[in-house]
Amino acid sequence: MTGAAPTLFLSDLHLPPQTSALRTRFRRFLDGPARKAARVYILGDLFEAWIGDDVGMQIYAAEVAALAALSASGVKVYFQHGNRDFLVGEAFFDLTGVERLADPCVIDVSGRNTLLSHGDIFCTDDRPYQRWRWFSRQRWAQWLFMRLPLSRRQKIASELRSGSDTAKRNKPENIMDVNARAVRLSMAQFGVTQLIHGHTHRPGTYAVDLPIGPAHRIVLPDWRDPVCDYLSAHQQGIERLPA
Ligand code: MN
């Protein structure tokens, strides 16, 4: 491939706190293909669990260092919070040089206005989840959580994770996918014909019917060893590549 440096997109790596092949792959990606990119967009759920910068930056010290090295090399790195790592905070951004992105936000991808989101905001059929999302993003709720003893934070986080896994198993499949109307509304509101998001673990390109014309939604691939893929956008289009 020739021409300008590409823009890379990835999400839903769900890197576990323990040693794992996924973590090695991610660090190799940061030291390899990411170095040749102009910009790297991480659209949430990079980390499977992040109960505060104090603990997270110790557990994921190697990834934090690799992100800092990538930023220092001149590549712009952006991060949008996912539902697993929404507590990634200022200390992380300060140390890594990664820039925090609002969810959703509009950027230019190869000359096309594109809406970026982790994607959970579009899952409006899941009402209990949306209530939890609202609560967990409140500053006061996060402030209180961060003042609990570490053991208590760990216990709450692990209970929430197992509760969410059980809930997921018992919910009909379509409830955990995006709501088509929520997607159309958001794309119309931002005046875009392209949306890139993660979260649903249903990678692919899906047509969206907008009054202004044909539009589409690109869902990023989640990482499950050995398939660890990202998207690379350049002048010729967007391609899926292995990390
Ligand atoms: Mn998610």
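Quick note: numbers below take in every heavy atom, side chains included, and nothing from hydrogens, waters or symmetry partners. Read the numbers this way: they start at 1 and go in the same order the structure lists the ligands and their atoms.
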Should L10 and V98 be regarded as members of a common hydrophobic cluster, given that ILVMFWY residues are connected when their side-chain heavy atoms come within less than 4.5 Å of each other, either directly or indirectly?
-> yes
Would you call the rings of W50 and Y60 parallel, tilted or perpendicular if under 30° counts as parallel and over 60° as perpendicular?
-> parallel
The Mn ion (ligand 1) -> D45, closest N, O or S atom is OD2
Within N83, is some N, O or S atom less than 2.8 Å away from the Mn ion (ligand 1)?
-> yes
Is it true that the side chains of N83 and H199 contain a donor and an acceptor less than 3.5 Å apart?
-> yes
Do V77 and V88 sit in the same hydrophobic cluster, where Ile, Leu, Val, Met, Phe, Trp and Tyr count as joined when their side-chain heavy atoms come under 4.5 Å apart?
-> yes
The Mn ion (ligand 1) to H199: nearest N/O/S atom name | ND1
